[in-house]
Amino acid sequence: MRTLLYILLLPVAFYCVAATAAVDAYTFTDPAKETQFKELIKELRCPKCQNQDIADSDAELAKDLREKVYEMTEQGKSRKEIISYMKARYGDFIHYQPPLRLDTIVLWLAPILVLIAGLIFIFVRASREQASPLNEEEARRLSELLNEKEQH
């Protein structure tokens, strides 16, 4: 039974080795450049994929973008220069951090506005529940229930 299990798992092992070999391998002249490269490929969004950075995307465009980031990093371009180049070529969508401008102000302020609206809603709702006193019928019923509880 174990032998059969090993035989069945053998193709999986070969697939894992092949998948590992397919990962792009970059060599850097400076560890700081490697760090910059890794940060940038996590920070840049794949224009072809649905909300995936170029580090994790398997799209051909993402591979090309990783290669371009690698080339620019090795040329000594700064992080800002690389991001500016990518934005000029692919628009603000390429970067996960949209710039703070008049047309993107909603993106920056929306979470704060939703939080404030939620807090106001909770505060108003809580104050309404506390402010509503019992009417005569409810007070009488409450009194009856309390008396029943005391008798038991």
Side-chain angles (χ1 to χ4, degrees), residues 1-135 137-138 141-142 145:
M1 186 67 180
R2 276 190 166 177
T3 306
L4 179 63
L5 182 65
Y6 290 140
I7 290 172
L8 291 174
L9 289 177
L10 194 57
V12 174
F14 283 125
Y15 175 77
C16 290
V17 169
T20 304
V23 173
D24 301 329
Y26 297 101
T27 55
F28 292 90
T29 56
D30 184 9
K33 289 180 179 179
E34 183 175 0
T35 302
Q36 177 180 302
F37 172 78
K38 287 180 179 176
E39 289 174 0
L40 281 171
I41 63 172
K42 282 290 193 188
E43 199 172 311
L44 295 172
R45 182 182 310 180
C46 177
K48 193 171 183 179
C49 302
Q50 185 78 21
N51 202 18
Q52 197 172 24
D53 57 45
I54 62 172
D56 295 334
S57 174
D58 290 333
E60 286 297 319
L61 181 58
K63 291 177 184 174
D64 293 343
L65 291 176
R66 283 192 300 265
E67 185 63 31
K68 186 64 179 174
V69 170
Y70 172 72
E71 288 174 17
M72 293 179 79
T73 301
E74 279 297 306
Q75 290 171 357
K77 303 280 184 185
S78 71
R79 170 188 152 78
K80 188 176 180 180
E81 289 173 324
I82 295 171
I83 290 173
S84 294
Y85 171 82
M86 292 294 179
K87 283 184 176 180
R89 189 166 176 104
Y90 297 101
D92 289 334
F93 177 80
I94 193 82
H95 197 218
Y96 275 115
Q97 299 171 354
L100 183 58
R101 294 188 316 237
L102 191 58
D103 60 336
T104 61
I105 197 79
V106 172
L107 296 172
W108 289 96
L109 294 181
I112 295 169
L113 294 176
V114 168
L115 178 66
I116 290 171
L119 291 174
I120 289 172
F121 176 78
I122 290 170
F123 178 75
V124 168
R125 180 110 182 178
S127 65
R128 279 187 184 169
E129 289 179 6
Q130 290 177 352
S132 62
L134 299 176
N135 62 27
E137 176 64 24
E138 292 170 334
R141 180 72 182 136
L142 179 61
L145 290 173

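Just so it is clear, the structure is predicted and the values come from calculations on it, not from any experiment.
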(request) Specify the closest pair of heavy atoms between Ser78 and Glu81, including all atoms of both residues, with the distance to one decimal. (result) N-OE1, 2.8 Å

(message) A side-chain contact here means heavy atoms from C-beta on lying under 4.5 Å apart; do Cys46 and Leu65 qualify?
(response) no

(message) As an exercise, state the distance from SG of Cys49 to CD1 of Ile54, rounded to the nearest 0.5 Å.
(response) 10.5 Å

(message) With a 6.0 Å cut-off (strictly less than), is the heavy-atom count around CD of Gln75, excluding the residue itself, greater than 12?
(response) yes

(request) Could you tell me which residues satisfy side-chain hydrogen bond (donor to acceptor under 3.5 Å, both in side chains) with Asp64, sequence neighbours excluded, listed by chain and number? (result) none

(request) Answer yes or no: is there a side-chain heavy-atom contact under 4.5 Å between Ile105 and Leu100? (result) yes

(message) Tell me which pairs pass ring-ring contact (aromatic ring centres under 6.0 Å, His included) where either residue lies in residues 43-67, with sequence neighbours left out.
(response) none

(request) Determine, stepwise, if the pair Glu138 / Leu142 fulfils side-chain contact (heavy atoms from CB on, under 4.5 Å). (result) CA-CA 6 Å; Glu138 292 170 334; Leu142 179 61; over 6 Å; no

(message) For residues 69-78, which residue pairs pass the salt bridge (Lys or Arg N to Asp or Glu O under 4.0 Å) check, not counting sequence neighbours?
(response) none

(request) State which residues pass salt bridge (Lys or Arg N to Asp or Glu O under 4.0 Å) with Asp30; sequence neighbours excluded, sorted by chain then number. (result) none

(message) Test of understanding: with side-chain hydrogen bond (donor to acceptor under 3.5 Å, both in side chains), list the residues that count as partners of Glu137, not counting sequence neighbours.
(response) Arg140

(message) According to side chain to side chain contact (heavy atoms under 4.5 Å, CB included), who are the partners of Gln97, at least two apart in sequence or on a separate chain?
(response) Glu43, His95

(request) Decide, yes or no, whether a salt bridge links Asp58 with Lys63 under the criterion of side-chain N to carboxylate O below 4.0 Å. (result) no

(message) Using 0.5 Å steps for rounding, measure from the CZ atom of Arg45 to the CD atom of Gln50.
(response) 9.5 Å

(request) Work out which heavy atom in Thr73 is nearest to a heavy atom in Gln36; give both atom names and the distance. (result) OG1-NE2, 3.8 Å

(message) For the CD1 atom of Ile116 and the CD1 atom of Ile112, what is their distance to the nearest 0.5 Å?
(response) 7.0 Å

(request) Can you tell me which residue pairs pass the ring-ring contact (aromatic ring centres under 6.0 Å, His included) test with a partner in residues 99-123, sequence neighbours excluded? (result) none

N/O donor to acceptor pairs below 3.5 angstrom from side-chain atoms of residues 82-93, sequence neighbours left out:
residue : atom : partner : partner atom : Å
Ser84   : OG   : Lys80   : O            : 2.9
Asp92   : OD2  : Arg101  : NH1          : 3.0
Asp92   : OD2  : Arg101  : NH2          : 2.8

(request) Please report the closest heavy-atom contact between Lys42 and Ala55, naming both atoms and the distance. (result) CD-CB, 4.1 Å

(request) Scan for ring-ring contact (aromatic ring centres under 6.0 Å, His included) pairs involving residues 29-56, sequence neighbours excluded, and state none if there are none. (result) Tyr26-Phe37, Phe28-Phe37

(message) Testing the basics here: between Tyr96 and Asp53, what is the closest heavy-atom pair and its distance to 0.1 Å?
(response) OH-N, 3.2 Å

(request) Quick one: list whatever passes side-chain hydrogen bond (donor to acceptor under 3.5 Å, both in side chains) with Glu34, sequence neighbours left out. (result) Lys38

(message) According to side-chain hydrogen bond (donor to acceptor under 3.5 Å, both in side chains), who are the partners of Asn135, at least two apart in sequence or on a separate chain?
(response) none

(request) Could I get the full list of side chain to side chain contact (heavy atoms under 4.5 Å, CB included) partners for Leu113, not counting sequence neighbours? (result) Leu109

